[in-house]
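All heavy atoms count here, side chains included; hydrogens, waters and symmetry mates do not.
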Amino acid sequence: MIAGRRSYTMASMSPGEKGLALVGGKFGERWKKLLEAYDLPHDTISVEWGKVCDPGLIEQALQRDPAITTVFATHSETSTGALFDIEAIAKITRARGRRLVLDAITSLGVHRLPQDQWGVDVVV
């Protein structure tokens with residue numbers, strides 16, 4: 001923590017909430033490591049590097065565990081080039097009232113990402 005405050009990214013969660021990290025490369029791993037560093041409860045859905053996460057797996061995880069309030073995803077995984085289906089993931093999170101925090105560092109300005117239309121809550 002810096003100056004007694006949580007990181008901007010983790011500030012999207014409140015005490016007692018749980019995150020879900022989608023890991024399919026180096027930057028998905030970073031979401032997981034951030035959740036661990038801030039000692040936030042979380043689950044992880046991991047896929048082989050270069051592959052994308054099936055949105056159905058996210059839907060199942062959210063149905064199984066109502067404590068998950070925030071999904072952390074990477075739009076385009078820099079380390080592999082895999083492009084996650086954020087529109088489909090956002091439909092799932094929005095329908096369940098869950099937040100979607102998205103790393104779009106390599107995709108913003110390159111791939112289509114209509115944040116408001118799709119329902120992405122935070123774009124980093």
Side-chain angles (χ1 to χ4, degrees):
M1 292 193 345
I2 300 172
R5 296 187 311 185
R6 296 186 306 165
S7 78
Y8 173 75
T9 304
M10 299 300 116
S12 65
M13 294 178 63
S14 296
E17 293 183 339
K18 186 174 183 180
L20 176 64
L22 308 183
V23 179
K26 183 67 176 170
F27 294 91
E29 282 183 353
R30 180 157 301 155
W31 282 130
K32 182 179 183 297
K33 288 180 181 179
L34 281 167
L35 290 162
E36 290 169 350
Y38 287 94
D39 199 27
L40 294 168
H42 65 280
D43 284 340
T44 303
I45 296 176
S46 296
V47 296
E48 181 182 341
W49 282 34
K51 306 290 183 191
V52 295
C53 184
D54 175 354
L57 295 174
I58 299 161
E59 187 168 27
Q60 290 171 10
L62 297 179
Q63 286 174 341
R64 259 192 325 270
D65 192 347
I68 297 171
T69 62
T70 310
V71 175
F72 295 88
T74 305
H75 190 195
S76 174
E77 180 57 64
T78 309
S79 61
T80 67
L83 185 65
F84 283 63
D85 187 350
I86 298 305
E87 183 176 13
I89 294 168
K91 282 180 185 175
I92 291 164
T93 57
R94 181 64 54 192
R96 286 164 182 72
R98 313 295 173 78
R99 290 180 296 273
L100 177 57
V101 177
L102 184 64
D103 171 341
I105 291 171
T106 61
S107 63
L108 193 62
V110 176
H111 297 286
R112 187 168 179 264
L113 180 57
Q115 179 179 358
D116 292 336
Q117 180 184 342
W118 286 357
V120 179
D121 297 291
V122 177
V123 175
V124 177

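Sorted by first then second residue, the side-chain hydrogen bond (donor to acceptor under 3.5 Å, both in side chains) pairs that include residues 46-59, not counting sequence neighbours, are Glu59-Arg96.
Evaluation of the salt bridge (Lys or Arg N to Asp or Glu O under 4.0 Å) rule for Glu87 yields no partner, not counting sequence neighbours. Among residues two or more places apart in sequence or in another chain, the side chain to side chain donor-acceptor pair (under 3.5 Å) test is passed with Asp121 by Arg94. In this structure Ala95 satisfies the side chain to side chain contact (heavy atoms under 4.5 Å, CB included) test with no other residue, sequence neighbours excluded.
Without hydrogens or angle criteria, Asp103 side chain to Ile105 main chain gives a donor-acceptor distance under 3.5 Å. A side-chain donor-acceptor contact under 3.5 Å links Trp31 to the backbone of Ala73.
Of all non-hydrogen atoms in Val123 and Ala104, the two that sit nearest each other are CG1-CB, 3.6 Å.
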Check residues 15-22 and write down every donor-acceptor pair under 3.5 Å in which the side-chain atom is one partner and the other belongs to a residue at least two apart or another chain.
residue: Glu17; atom: OE1; partner: Ser14; partner atom: N; Å: 2.8
residue: Glu17; atom: OE1; partner: Thr69; partner atom: OG1; Å: 3.2
residue: Glu17; atom: OE1; partner: Arg99; partner atom: NH2; Å: 2.5
residue: Glu17; atom: OE2; partner: Arg99; partner atom: NH2; Å: 3.4
residue: Lys18; atom: NZ; partner: Asp43; partner atom: OD1; Å: 3.4
residue: Lys18; atom: NZ; partner: Asp43; partner atom: OD2; Å: 3.3
residue: Lys18; atom: NZ; partner: Asp65; partner atom: OD2; Å: 2.5

Using atom types as modelled, flag every donor-acceptor pair under 3.5 Å from a side chain in residues 77-84 to any protein atom, sequence neighbours excluded.
residue: Glu77; atom: OE1; partner: Gly28; partner atom: N; Å: 3.1
residue: Glu77; atom: OE2; partner: Lys26; partner atom: N; Å: 3.2
residue: Glu77; atom: OE2; partner: Phe27; partner atom: N; Å: 2.9
residue: Glu77; atom: OE2; partner: Ser79; partner atom: OG; Å: 3.0
residue: Thr78; atom: OG1; partner: Thr106; partner atom: OG1; Å: 3.4
residue: Ser79; atom: OG; partner: Lys26; partner atom: N; Å: 3.1
residue: Thr80; atom: OG1; partner: Ala82; partner atom: N; Å: 3.2

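Val23 and Val71 are members of different hydrophobic clusters when ILVMFWY side chains are connected at heavy-atom separations under 4.5 Å. Under the 4.5 Å side-chain heavy-atom criterion for grouping Ile, Leu, Val, Met, Phe, Trp and Tyr, Val124 is connected to Leu40 within one hydrophobic cluster.
Considering only heavy atoms from C-beta on, Val52 stays 4.5 Å or farther from Asp85 through its side chain. Looking at Thr93 and Leu62, their side chains come closer than 4.5 Å, going by heavy atoms from C-beta outward.
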How far apart are the C-alpha atoms of Val122 and Leu100, what are their side-chain angles, what is the distance that settles it, and do they pass the side chain to side chain contact (heavy atoms under 4.5 Å, CB included) test?
CA-CA 7 Å; Val122 177; Leu100 177 57; over 6 Å; no
